[in-house]
Every structure is written in structure tokens, then in C-alpha cells.
Amino acid sequence: MSDAKPALLCLNTGSSSVKFSFYAVQNDQPQLVFGGQIEGLLGRPNFKAGDPQGVVLAQRQWDVPMRRSDAVEIILAFIRQQALGYHLQAVGHRVVLGGVEYPQAVVVDDHVLQVLDRYSPIVPSHQPAEVEAMRLLRTQYPSLLQVACFDSAFHRTKPELADLYALPLSYRDMGIRRWGFHGLSYDYISGQLPALDPRLAKGHTVVMHLGSGASLCGLINGKSAYTSMGFSPLDGLMMGTRTGSLDPMIPLYLIGQQQMSVEAVEKLIIKESGLLGVSGFSNDMRDLASSDEPSAKLAIDLFVYMLARETGAAMGAIQGLDGIVFTAGIGEHSPMVRERTCAALAWAGVEMDLASNKAHSDSPRCISTPHSRVSVWVIPTNEEMVIARDTWMLARTI
Ligand code: ADP
């Protein structure tokens with residue numbers, strides 16, 4: 001009998017990258033052993049892997065584009081060579097949309113893949129790639145257990161009103177709902193709150209996930225009750241290249257009156273707008289923050305304005321505000337955006353401790369003053385850990 005240690009692989013497959021994390025399972029808890037990614041699949045692919053201490057384990061670059069299937073094979077080959085002494089029990093995948101069918105993680109089979117395929121047109125930038133990766137592994141390694149973990153699942157606890165558009169009800173039944181996304185991140189943050197701040201864990205808390213995609217989630221008692229993203233990951237906050245909330249007449253007008261094609265409008269609102277569109281030169285908050293261009297300042301002003309406005313919407317929806325949590329790239333690393341957002345929400349009882357906000361740390365920390373009515377936290381997110389946890393919960397029973 002083999003005494004190899006159980007292990008899990010988490011895959012996050014995007015349109016131009018495949019990210020991976022390899023976990024050992026000890027005492028029923030996944031522990032990160034190493035991780036990495038292949039980025040730039042459509043141009044000059046770049047493979048990099050490292051351990052949790054930041055030691056680089058492998059690095060390689062190619063000059064020609066790479067198929068996603070080849071990227072997955074390269075990652076599996078690296079794991080076979082790197083993870084001696086481990087037995088891969090399952091692969092957990094990040095999947096953006098699981099619809100009403102999957103309010104929690106599910107073991108992948110042909111039927112699951114068929115259902116997920118149907119949701120692909122709603123998230124063309126991610127879902128088709130994720131489904132392709134699962135299908136590929138199912139063909140190549142039929143006995144390998146695969147689990148799909150959904151960004152939409154955490155929001156299935158939302159009340160009906162937070163799920164509904166004011167369309168005839170037959171459209172809801174067709175799947176036109178406020179699904180919500182970034183749920184793996186919100187699930188992780190919600191799981192951290194009881195130990196960090198029990199008042200926020202039980203109260204009305206707005207979590208702001210501010211990465212290249214951005215959304216916020218209104219939690220009541222740790223469960224999603226409202227989220228700024230809707231039918232697709234386009235709605236709500238301004239993002240790196242996405243518009244956030246947009247009057248639906250605008251695409252209709254551009255297509256109907258300005259002779260833009262559907263494809264051109266799709267590209268405009270998904271890839272050419274947001275911080276990039278308004279600044280005219282970058283989707284990266286670091287570039288904008290260090291620029292003297294008036295358009296960069298305008299892009300940051302609009303980002304903060306839309307964030308404060310959406311927080312007001314969340315407060316109305318969840319009927320209160322006990323705390324705010326900042327997370328993801330911008331949320332964790334931009335004291336400037338945090339300071340400006342809290343200043344815009346001072347009317348709601350938010351009082352930031354400026355020194356704590358500026359202090360550098362990678363650990364969860366409270367950055368509000370002791371007498372602020374609303375507590376403010378920075379909590380680094382860990383979506384992969386949620387994928388590993390949920391994958392193990394299903395794998396250990398099989
Ligand atoms: P994703 O996983 O959605 O690609 P991340 O959560 O890694 O995104 O966030 C990426 C974004 O975070 C970048 O586009 C950048 O704007 C922002 N970011 C990262 N580091 C910093 C920083 N030090 N200051 C300001 N913004 C940052």
C-alpha cells in the first residue's frame with residue numbers, strides 16, 4: 001500500500017492564463033505547498049512556480065502562443081516532477097457561474113459540464129475556458145476526481161428581491177437574475193470575521209473586493225444579502241477595464257444609432273472601459289496613482305465615487321452598516337483608495353485611523369479609530385483556499 005500523502009490541485013483557468021496551487025492535506029486541512037501560473041497564452045507564454053515563502057521553483061518563457069490544453073499538461077508535468085511523495089486526490093476548479101443548479105461546489109461529470117456550458121455566453125471571458133479545462137482533464141484522466149467551485153454560489157442566500165430584475169417574471173425563469181460573483185473571495189472573508197471581529201461577523205458588513213474585477217457584497221450574519229454585480233460580472237463598480245453599472249440604453253443606442261457592431265460594443269464595455277477607458281492609458285491603479293495626467297485623477301475620482309455610491313446602495317439593501325472590509329489587489333495594497341473611500345463615507349459614521357491605514361502589513365488589520373461607529377478592516381483574500389477546502393470536503397467522502 002502506498003504511503004503517499006493526499007494532495008489537491010486548484011486550477012483557475014482564464015482566457016489567457018492558467019493559475020494553479022498545489023495543496024497537501026494534513027489533519028483534514030489543505031496546506032499550500034507551491035503554486036504558480038502560465039500567463040500570456042495568446043502572446044509569449046510565461047511559466048513561473050514558487051513556494052509560499054516566495055522561493056522560485058521554476059521559470060520558463062516561450063516565443064509562440066500556447067493552447068490552453070498544452071498549458072494544463074505543462075502544469076501537470078511540473079506537478080508530477082515536483083510533488084514526489086504526494087497522491088493527487090482531486091482537482092478543484094474555479095468556475096464563475098453555477099446558476100440555480102449549483103448553490104455549492106459539485107463533483108464534475110458530463111451532465112454538470114453540459115449545464116455549465118449553457119452559462120458560458122454570460123461570462124465569455126472566463127466560463128468557456130474553465131469548462132474546456134474540466135472537459136480536457138476528464139478526457140485525459142477519466143479517473144481523476146474533479147470538483148467545480150463557483151463564484152456565484154455564495155450569493156445564492158440572497159433574498160429574492162436582491163436576485164430579481166424588474167422584468168416580466170418569465171425572464172427570471174429564463175435565467176436573467178442577479179447572480180453575483182467573487183463569491184469564493186467573500187466566502188473566505190466571511191470565514192475570517194468570527195475570529196477577527198465577532199461584531200462584524202454577526203452584523204451588517206460591506207466587503208469590497210477591489211481587484212482588476214471589482215464588486216462589493218453586503219453580508220448579514222456572514223451570509224450574502226446583496227452584491228453589486230448582477231447577471232454578469234460587468235455591473236456595479238467601475239473596474240480595470242469594465243464599465244460597472246451602465247444604462248442599458250447605451251449599448252442599444254450605440255448598436256442602433258451609431259452603427260457599432262455587437263462585438264465592438266462588447267469589447268468596449270468589457271475590455272476598453274473602466275480605469276483604462278477613463279484614464280486613456282492604464283487599467284492599473286498603481287500607474288494612475290503615480291501619474292500627473294488629469295485623466296488619471298478623473299479615473300480615480302470616478303472609481304471612488306462609484307464605490308461610495310454602491311456602498312450606499314448596499315446599506316439600503318441590507319439596512320445598516322457595522323463594518324467595511326477592503327480586500328484584493330487594490331483593496332489590500334492601496335492606502336490612497338481606502339482613505340478616499342472612507343472619507344466619502346464619513347457621513348455614514350466611518351472614521352479611519354490614518355496611521356494604521358498607511359502602515360504596511362500582509363496580515364488582517366483594523367484601520368478604523370477606536371470610536372468609529374463603523375469598523376474598517378483590511379483582510380487579504382484567499383480564493384484558492386476556499387476551492388481547496390470545498391474540493392477536499394467532497395473528495396474525502398468519495
Ligand atoms: P485579479 O486577481 O482580479 O487579476 P488582483 O486582486 O490581483 O486582481 O488585483 C489586481 C489589481 O490590483 C491591479 O490591476 C492593480 O490595479 C491593483 N494593485 C496591485 N498592487 C497595487 C498597489 N500596490 N497599489 C495600488 N493598486 C495595486
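Numbering of ligands and ligand atoms starts at 1, following listing order. What you see is a predicted model, and the numbers here were worked out from it, not measured in a lab.
There is no side-chain donor-acceptor pair under 3.5 Å between Glu272 and Thr241. Side-chain atoms of Ser224 and His155 form a donor-acceptor pair, as typed in the model, at a separation below 3.5 Å.
The contact shell of ligand 1, taken as protein residues with any non-hydrogen atom closer than 4.0 angstrom, comprises Gly211, Ser212, Gly213, Asp284, Met285, Arg286, Ala328, Gly329, Ile330, His333, Ser334.
In this structure, the ring of Tyr86 has its center less than 6.0 angstrom from the ring center of Phe22.
The side-chain contact (heavy atoms from CB on, under 4.5 Å) test applied to Asp353 returns Ala355, Ser356, Thr369, not counting sequence neighbours.
A salt bridge links Glu339 with Lys358: the closest approach of a Lys/Arg side-chain nitrogen to an acidic carboxylate oxygen falls below 4.0 angstrom.
Distance check: Asp70 CG to Leu41 CG gives 9.5 Å after rounding to the nearest 0.5 Å.
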